[in-house]
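Atoms considered below: every heavy atom in the structure, side chains included; atoms not considered: hydrogens, waters and symmetry mates.
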Amino acid sequence: MGPGDGVRYVALGDSHTEGVGDGDDVTGVRGWADRLAEKMAATGARVEYANLAIRGRLSAQVRAEQLEPALALEPTVATVFAGVNDVIRSGYDADAVVGDLEAMFAALTGAGARVATLTFPDIAKVAPLVRPLVPRVLDFNERIRAAAARHGVVVADVARYEISTDRRLWATDRLHCTPLGHARIAGALASALELPGADGSWAEPLPAMPRPGALLTVADEVRWLGTFLGPWMMRRLRGRSSGDGRTAKRPVPTLVEAA
């Protein structure tokens with residue numbers, strides 16, 4: 001990828017790919033996929049970019065709603081990142097979820113696209129109250145690595161790097177990234193895709209910060225439980241999703257300028 005190349009990049013996924021945590025619904029969300037498209041454009045390539053991701057979507061919904069439209073756009077590059085919303089639910093079925101992702105890998109690579117994906121960080125280091133989910137996450141990552149290998153999909157294996165669980169990369173809801181987190185993920189994908197000029201600087205640690213005291217840590221956990229986890233559970237009980245009524249923010253490929 002470089003000067004004169006034509007690139008059509010299509011992003012599939014949920015809130016992480018949509019860009020939640022990087023901007024807001026008033027000014028618009030940006031996110032790592034937008035940032036990655038800009039990095040592609042910075043190589044001198046002519047980049048058209050579409051983002052089909054919608055927050056709250058499960059892997060089966062991403063496959064059912066986004067795969068065919070993505071294929072119709074004839075991408076040369078695609079990213080597929082979903083499954084977080086499945087992993088944190090009680091009815092999680094690893095075979096079904098990874099099966100959905102692998103089906104998307106197969107279809108997109110079969111259509112000639114270069115496909116990339118991500119692994120999940122150790123969520124217990126970001127939200128200690130969800131530590132029981134760690135075995136699921138570790139198993140999910142191993143399955144994704146294997147599925148990606150079967151289809152020649154590039155993996156930005158952020159889970160293997162300590163920076164992925166630095167709290168400064170995570171928003172206060174501990175589920176979405178801050179702008180800095182989205183920037184680091186874009187860097188990881190650019191490096192995995194071997195874009196000209198990309199390097200391993202995305203994984204460099206941030207300056208050390210003082211550890212909070214025990215009382216402050218407990219208070220922080222209680223606040224998170226009441227402000228974010230509780231409302232999330234109530235939406236699940238009511239059968240609602242943060243993505244209800246939403247559509248993709250960038251359904252049609254449009255030209256991208258380098259940042």
K.L.:
Any ion pair linking Arg145 and Glu142 (charged N to carboxylate O, less than 4.0 Å)?
P.N.:
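A salt bridge links Glu142 with Arg145.
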
K.L.:
When rounded to the nearest 0.5 angstrom, what distance separates OG1 in Thr247 from CG in Leu52?
P.N.:
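It is 11.0 Å, given to the nearest 0.5 Å.
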
K.L.:
For the pair Thr117 (side chain) and Val80 (backbone), establish whether a donor and an acceptor sit closer than 3.5 Å, ignoring hydrogens and angles.
P.N.:
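Present.
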
K.L.:
Any link between Leu206 and Trp202 through a network of hydrophobic side chains (Ile, Leu, Val, Met, Phe, Trp, Tyr) touching at under 4.5 Å?
P.N.:
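Hydrophobic grouping puts Leu206 with Trp202.
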
K.L.:
For the pair Glu38 and Val256, evaluate side chain to side chain contact (heavy atoms under 4.5 Å, CB included) and give the outcome as yes or no after the intermediate values.
P.N.:
CA-CA 6 Å; Glu38 291 165 3; Val256 176; 4.0 Å; yes

K.L.:
For Glu65 and Arg57, work out which heavy atoms get closest and say how close.
P.N.:
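Where Glu65 meets Arg57 most closely, the heavy atoms are OE1-NE, 2.8 Å.
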
K.L.:
Report yes or no: does Asp14 contribute a side-chain atom to a donor-acceptor pair with the main-chain N or O of Ala82 at less than 3.5 Å?
P.N.:
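No.
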
K.L.:
Where do Thr109 and His151 come nearest, in terms of heavy atoms and distance?
P.N.:
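Scanning both residues completely, I find the closest heavy atoms to be CG2-O, 3.5 Å.
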
K.L.:
Could you check if a side-chain atom of Thr43 sits within less than 4.5 angstrom of a side-chain atom of Lys39, using non-hydrogen atoms only?
P.N.:
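The answer is no, as the side chains (C-beta and beyond) never meet within the 4.5 Å cut-off.
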
K.L.:
Hey, does His176 have a side-chain heavy atom less than 4.5 Å from the side chain of His16?
P.N.:
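Yes - at least one pair of side-chain heavy atoms lies under 4.5 Å apart.
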
K.L.:
Just verifying a value: how many Å separate Trp170 CH2 and Thr165 OG1, rounded to the nearest 0.5 Å?
P.N.:
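Answer for the CH2-OG1 pair, Trp170 versus Thr165, is 9.0 Å.
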
K.L.:
Using 4.0 Å as the upper bound for N to carboxylate O, is an ion pair formed by Arg35 and Asp22?
P.N.:
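Looking at Asp22 and Arg35, the cut-off is met.
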
K.L.:
With rounding to the nearest 0.5 angstrom, report the CZ to OG distance, Arg184 to Ser201.
P.N.:
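With rounding to 0.5 Å, CZ (Arg184) is 7.5 Å from OG (Ser201).
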
K.L.:
In Å and rounded to the nearest 0.5 Å, what is the NZ to CZ distance from Lys249 to Arg55?
P.N.:
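One finds 9.5 Å between NZ of Lys249 and CZ of Arg55.
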
K.L.:
When hydrophobic residues are tied together by side-chain contacts of less than 4.5 Å, even through go-betweens, does Val97 share a cluster with Val115?
P.N.:
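Val97 and Val115: one cluster.
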
K.L.:
Side chains of Leu108 and Leu71: does their closest heavy-atom pair fall under 4.5 Å?
P.N.:
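They are in contact (side-chain heavy atoms under 4.5 Å apart), so the answer is yes.
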
K.L.:
Using side-chain heavy atoms (C-beta onward) and a distance below 4.5 Å, is Asp95 in contact with Arg143?
P.N.:
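Contact flag for Asp95/Arg143 side chains = yes.
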
K.L.:
How far apart are the C-alpha atoms of Asp122 and Val137, what are their side-chain angles, what is the distance that settles it, and do they pass the side chain to side chain contact (heavy atoms under 4.5 Å, CB included) test?
P.N.:
CA-CA 7 Å; Asp122 181 348; Val137 173; over 6 Å; no

K.L.:
Indicate, with yes or no, if Val84 and Phe105 share a hydrophobic cluster defined by side-chain heavy-atom contacts under 4.5 Å among Ile, Leu, Val, Met, Phe, Trp and Tyr.
P.N.:
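Yes: a chain of side-chain contacts under 4.5 Å links Phe105 to Val84.
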
K.L.:
Heavy-atom count check: over 12 atoms from other residues, nucleotides or ligands less than 6.0 Å from Arg46 CZ?
P.N.:
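It does not: Arg46 CZ has 12 such atoms or fewer within range.
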
K.L.:
Please check: side-chain N/O of Arg136 versus main-chain N/O of Ala94, any donor-acceptor pairing under 3.5 Å?
P.N.:
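Not confirmed, Arg136 side chain does not pair with Ala94 backbone.
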
K.L.:
Within the 4.5 Å heavy-atom criterion, are Leu193 and Arg114 side-chain neighbours or not?
P.N.:
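Side-chain contact under 4.5 Å: yes.
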
K.L.:
Would you say that Leu118 contacts Trp32 through its side chain, given a criterion of any heavy-atom pair below 4.5 Å between the two side chains?
P.N.:
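Yes, close enough: below the 4.5 Å cut-off.
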
K.L.:
Can you name the closest pair of heavy atoms from Val126 and Arg167 and give their distance?
P.N.:
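Taking Val126 first and Arg167 second, the nearest heavy atoms are O-NE, 2.9 Å.
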
K.L.:
Once rounded to the nearest 0.5 Å, what's the spacing between atom CG of Asn51 and atom OG1 of Thr79?
P.N.:
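With rounding to 0.5 Å, CG (Asn51) is 7.5 Å from OG1 (Thr79).
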
K.L.:
At their closest point, which heavy atom of Gln61 faces which heavy atom of Gly56, and how far apart are they?
P.N.:
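Reported closest heavy-atom pair: OE1-O, 4.0 Å.
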
K.L.:
State, to 0.1 Å, how close Asp86 and Ser59 come at their nearest heavy-atom pair, and which atoms those are.
P.N.:
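Looking at all heavy atoms of both residues, the closest pair is OD1-N, 2.9 Å.
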
K.L.:
Is the shortest side-chain heavy-atom distance between Leu195 and Met40 below 4.5 Å?
P.N.:
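Sidechains of Met40 and Leu195: in contact.
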
K.L.:
Please round to the nearest 0.5 Å and tell me the distance separating atom OH of Tyr9 and atom OG1 of Thr76.
P.N.:
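The distance works out to 11.0 Å.
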
K.L.:
Taking Val155 as the starting point, is it possible to reach Ile185 by hopping between hydrophobic residues whose side chains are less than 4.5 Å apart?
P.N.:
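As far as the 4.5 Å side-chain criterion goes, Val155 and Ile185 are not connected within one cluster.
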
K.L.:
Are Leu36 and Val7 joined in one hydrophobic group, where the rule is that I, L, V, M, F, W and Y side chains link up if heavy atoms are under 4.5 Å apart?
P.N.:
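Both belong to a single hydrophobic cluster.
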
K.L.:
For a side chain to side chain contact (heavy atoms under 4.5 Å, CB included) check, start with the C-alpha distance between Arg30 and His182, then their side-chain angles and the critical distance, and finish with the verdict.
P.N.:
CA-CA 9 Å; Arg30 188 180 180 193; His182 281 283; over 6 Å; no

K.L.:
Name the orientation class of the two ring planes belonging to Phe120 and Phe140 (parallel below 30°, tilted from 30 to 60°, perpendicular beyond 60°).
P.N.:
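Parallel.
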
K.L.:
Within the side chain of Arg8, is there an N or O that forms a donor-acceptor pair under 3.5 Å with the backbone of Leu73?
P.N.:
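Indeed, once roles are kept as given, a pair shorter than 3.5 Å links the two residues.
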
K.L.:
If you take all heavy atoms of Leu12 and Gln66, which pair is closest and at what distance?
P.N.:
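Scanning both residues completely, I find the closest heavy atoms to be CA-OE1, 3.3 Å.
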
K.L.:
With a 3.5 Å distance limit and no angle check, can you tell me whether Thr119 reaches the backbone of Ala159 through a side-chain donor-acceptor pair?
P.N.:
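Side chain of Thr119 to backbone of Ala159, a donor-acceptor pair under 3.5 Å: yes, one is there.
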
